[in-house]
Amino acid sequence: MVDGFALFTDRSVVAMRVNGELKDLAATVTPTDDAQPVTISSPDGLNILRHSAAHVLAQAVQTVNPAARLGIGPPVTDGFYYDFDVAEPFTPEDIKTLEKAMDRIIRQGQRFVRRVVTADEARAELAAEPYKLELIGLKGASTDAGAELGADNESVEVGGTELTIYDNIDPKTGETMWKDLCRGPHLPNTRMIGNGYSLTRLAAAYWRGSEKNPQLQRIYGTAWPTKDELRAYQARQEEAAKRDHRKLGAELDLFSFPEEIGSGLPVFHPKGGIIRQEMENYSRKRHAEAGYDFVYTPHITKSNLFETSGHLDWYSDGMFPPMKLDAEYDADGHMTRQGVDYYLKPMNCPFHNLIFRSSGRSYRDLPMRLFEFGSVYRYEKSGVVHGLTRVRGMTQDDAHIYTTKEGMKEELTSTLNFVLKLLADYGLEDYYLELSTKDPKKFVGSDEAWDEATQTLAEVAEASGLELVSDPGGAAFYGPKISVQARDAIGRTWQMSTIQLDFNLPERFDLEYTAPDGSRQRPVMIHRALFGSIERFFAVLTEHYAGAFPVWLSPVQVVGIPVSEQYGPYLDEIIGRLKTAGVRAQVDHSDDRMQKKIRNHTKAKVPFQLIVGEEDQANGAVSFRFRDGSQDNGVPIDEAIARIVAAIETRAQVTGQGQS
C-alpha cells in the first residue's frame with residue numbers, strides 16, 4: 001500500500017482518480033486499485049486548483065475578519081467563489097488586503113489534510129459556523145446527499161458518502177492554521193496555487209440560492225497553473241467586456257430592457273428587428289427546403305396539457321404561476337362553475353403532439369417535421385436573468401420530428417448535418433458535441449428505452465467525426481440529447497443547438513401511426529432547437545462579431561457620404577439603385593463634416609461607406625471605405641453595386657478591401 005506521492009513523481013500531478021473517484025495525492029492506494037494521475041492543467045486539476053484557492057480565500061477573510069461566517073466556496077467555470085456573512089459588505093480596497101493575506105498563506109505552503117468526522121464531531125468543531133451546521137443537518141436528513149443538496153453547489157461541502165473536514169497545516173510546526181467542511185479533494189499544499197490567481201469581483205448572493213434566505217457577500221476569483229495563463233485569461237476577459245452584447249445592444253440601438261415591462265423581457269428596436277428578421281427569414285427558407293412544415297400554437301394552455309406531458313411534475317419550478325380563469329358566478333356572487341388553471345407555456349412540444357394526434361397518421365406521413373418560431377416563458381430567478389442570454393420570455397426555433405424507430409438513426413443523422421450546416425451559415429464553424437444522459441432522480445420511462453435512445457444518439461454523434469464529450473445526468477426528463485457546443489471568435493464555448501431523442505412523450509400522448517402491416521405503432525419523437533432561442537442566439541452572434549455583423553445581417557448595409565453637398569444627388573442615384581436591388585442603404589445628408597460622418601458610421605459598424613468626390617463623379621465611380629479603415633478608390637458604379645450585392649448573397653463578413 002502506497003500513496004499518490006510515491007506513485008506519481010511528476011510535479012504537475014496534483015491528485016489522482018482511484019477506481020473512478022477523485023482523491024487527494026495523500027490517499028492510500030492498494031496494488032489492485034486503478035489509479036490514474038490528475039494533472040493541474042486537466043479539467044479536474046483546474047477545478048481542484050480553484051477549489052483550493054477558494055479555501056485560501058476563506059482562510060484569508062477569517063484572518064482579516066474573524067467574525068466572518070462561512071458559506072460555501074465551489075469552483076466554477078474559469079474560477080471560484082466563496083460566500084460570507086459579514087457585518088459590512090466587502091469593498092474593492094478589501095480585495096487588495098485579502099490578496100496580500102492569500103499570498104502569505106500560499107507562500108507558507110500549508111498542507112491540505114483530509115479528516116473523516118462524524119456529524120456530531122463536525123458540529124462541535126464548526127459550532128460557530130451556522131451555515132455549515134445547516135449543511136451538516138441536511139446531510140444527516142437524507143441518505144442520498146444529492147436529493148437535498150443541489151440548490152447551490154452544496155455538494156462541494158457534503159456531497160460525498162462521508163463527512164470530511166480539511167485542515168490547513170503549517171508544514172514547520174504542524175499546527176492547524178484553519179479548517180473547513182469540505183468534500184475535497186485539494187492540492188497537496190497551498191504553495192501549488194502559485195501566483196496565477198486573482199480576485200475578480202464582488203457580488204451579493206442568497207444562501208442556497210433562495211431569496212427567502214439571508215443575503216451573503218460573494219467574492220469571485222480565478223486561478224490558473226501559471227501567471228502567463230492568468231494574463232491570457234485576463235486579456236480574454238477584457239476582449240469579452242468589449243464584446244458584451246448588453247453594451248453593444250445599447251451602443252448600436254439594437255434592443256433594451258424597459259423597467260416598466262419587467263426583468264428578462266427584452267424589446268427589439270428597429271435595427272435589432274432587422275437583424276432578427278434576417279436571422280428568422282433565412283432559417284425559414286432553409287427549413288422549407290429541408291421539408292419542414294410550419295405550425296403556430298398559442299402562448300397559454302390549460303394545465304391538463306402540462307400534466308399529460310409531465311412538465312407540471314418535473315418542470316413547475318421553471319414555469320410562471322397559473323392564472324385561474326373561466327370561473328362563473330351567479331348574481332349573488334356564488335361560484336357556479338369552477339375555474340381552470342392556465343399556464344404560460346415553457347415548451348412547444350406538447351402542442352405539436354396535439355397537432356400530430358389531430359388525425360390518423362400512416363408510415364407514409366413519416367418523418368413528419370413540424371417547425372415553429374414559438375414564444376415560451378420561463379420563470380428564471382432574478383439573480384439568473386442576464387441580458388439576452390437568460391431571459392423570461394423567448395422565442396424558440398423549435399422543431400419536432402416524428403419518425404419510425406427503424407428510421408430514427410437516419411433522421412437524427414440528417415438533422416445533425418442540417419443543424420451544423422445552418423450554424424456555419426451564421427458564421428459559427430468551430431464546435432464539438434456533448435451527450436447529456438439520464439438524471440437518475442428526474443426521468444420518465446423505462447431504463448431500457450433510455451439506454452436505446454442514448455446508444456443511438458452516441459452512435460450518430462460519433463459518426464459525425466466531431467469531438468464528443470459526456471454530460472452525465474444533464475438530460476431533460478423525457479430523453480437524452482446531443483448539444484452542439486460552439487466556440488466563438490475569442491474561443492468561448494456556447495451551447496447552441498440541441499437534438500433530443502424521446503420515446504416517452506409519444507407514449508404519454510398516445511401517439512400512433514399505421515405501419516405497413518396495418519398495425520398501430522408508436523412514433524419516435526426528436527426534439528430539435530437550432531438557435532436554442534432567438535434572443536440567446538442574437539446575443540451570441542453580437543458578441544461573436546463584436547457588433548460588426550456580416551453584411552447580410554447588418555441593419556444598415558451601405559451609407560453614402562458626399563465629400564460636399566454638391567455630390568449628394570449623384571449618391572442618391574447610386575443608393576436608389578442599391579435599394580432597388582434590396583440593399584439597406586442610405587445617404588448621409590446631415591450638416592456634419594465628412595470626417596465626422598465617417599467616424600459616426602464606422603462606430604455604428606456599417607459594412608460599406610461609399611464616399612464620392614469630384615474625381616469619383618467625373619469617372620462614374622465611388623470610393624469604398626471598409627470597417628477596418630481601408631479604402632478602395634475609383635470603383636465603377638456597376639462593379640460597386642455588384643460587389644455589394646454579392647457580399648450580401650454570399651453572407652460574407654466584409655472587414656477590409658472587400659475580403660472576409
Side-chain angles (χ1 to χ4, degrees), residues 77-79 200 222 224 228-255 271-272 274-276 278-280 282-283 386-390 397 419-434 466-467 469 483-498 529-557 601-608 626-630 647-648 650-660:
T77 302
D78 290 339
T200 55
T222 187
W224 300 84
D228 286 344
E229 288 171 276
L230 171 64
R231 288 175 177 149
Y233 167 77
Q234 291 170 331
R236 291 195 300 272
Q237 291 301 101
E238 290 175 7
E239 180 62 28
K242 296 176 187 175
R243 293 169 177 260
D244 190 318
H245 72 278
R246 297 167 299 176
K247 172 175 170 285
L248 290 171
E251 291 176 355
L252 301 177
D253 193 24
L254 303 179
F255 57 84
K271 288 182 178 179
I274 290 172
I275 298 171
R276 177 167 175 161
E278 289 291 341
M279 289 167 55
E280 293 181 6
Y282 184 68
S283 178
H386 180 84
L388 292 177
T389 59
R390 291 294 290 268
D397 61 329
V419 161
L420 296 177
K421 288 177 183 176
L422 195 49
L423 283 177
D425 287 343
Y426 289 95
L428 296 170
E429 301 180 274
D430 182 8
Y431 27 64
Y432 64 93
L433 302 180
E434 186 173 79
L466 294 173
E467 177 188 1
V469 300
S483 59
V484 179
Q485 306 287 329
R487 299 181 182 92
D488 67 11
I490 58 174
R492 296 172 301 178
T493 299
W494 301 85
Q495 178 176 299
M496 289 285 97
S497 311
T498 58
L530 193 146
F531 295 151
S533 78
I534 297 291
E535 290 77 10
R536 188 169 180 275
F537 195 68
F538 192 108
V540 172
L541 289 186
T542 301
E543 298 198 8
H544 176 63
Y545 290 118
F549 292 95
V551 189
W552 70 285
L553 287 175
S554 293
V556 179
Q557 295 165 323
H601 297 299
T602 300
K603 187 176 180 181
K605 303 184 186 293
V606 175
F608 297 116
F626 304 101
R627 284 172 172 152
D628 64 358
S630 62
I648 294 169
T650 59
R651 297 179 301 281
Q653 170 62 42
V654 175
T655 54
Q657 302 298 328
Q659 301 300 313
S660 297

Closest heavy-atom pair and its distance - [X], [Y]:
X    : Y    : result
L252 : A604 : CD2-O, 3.9 Å
D397 : G532 : OD1-N, 3.5 Å
A548 : R627 : O-NH1, 3.4 Å

Spatial distance of atom [atom1] ([X]) from atom [atom2] ([Y]) [nearest 0.5 Å]:
X    : Y    : atom1 : atom2 : result
Q237 : T222 : CD    : OG1   : 7.5 Å
D488 : M496 : CG    : CE    : 9.5 Å
I534 : S283 : CD1   : OG    : 6.5 Å
D253 : L248 : CG    : CG    : 12.5 Å
T542 : L553 : OG1   : CG    : 9.5 Å

When you measure from the side chain of [X] to the backbone of [Y], do you find a donor-acceptor pair of N or O atoms at a distance under 3.5 Å?
X    : Y    : answer
S554 : F549 : yes
R243 : H544 : yes
R536 : Q495 : yes
T493 : R487 : no
H245 : E543 : no

So [X] and [Y], would you call those rings parallel, tilted or perpendicular, with 30° and 60° as cut-offs?
X    : Y    : answer
Y426 : W552 : tilted
F255 : F538 : perpendicular
F537 : F531 : parallel

Would D78 and Y233 count as having a side-chain donor-acceptor pair, cut-off 3.5 Å? no
Using a strict cut-off of less than 4.0 Å between a Lys/Arg side-chain nitrogen and an Asp/Glu carboxylate oxygen, indicate whether K271 and E278 qualify as a salt bridge. no
Run the salt-bridge test on E251 and K603 with the 4.0 Å N-O cut-off and return the result as yes or no. no
Would you say [X] and [Y] make side-chain contact, with heavy atoms under 4.5 Å?
X    : Y    : answer
Q485 : Y432 : yes
L433 : V484 : yes
Y545 : K605 : no
V606 : Q557 : no

Evaluate L423 against S497 for side-chain contact (heavy atoms from CB on, under 4.5 Å), listing each step before the verdict. CA-CA 9 Å; L423 283 177; S497 311; 3.7 Å; yes
Stepwise, does the salt bridge (Lys or Arg N to Asp or Glu O under 4.0 Å) test hold for E238 with K242? CA-CA 7 Å; E238 290 175 7; K242 296 176 187 175; 6.0 Å; no
Please walk me through it: do V551 and T650 pass side-chain contact (heavy atoms from CB on, under 4.5 Å)? CA-CA 9 Å; V551 189; T650 59; over 6 Å; no
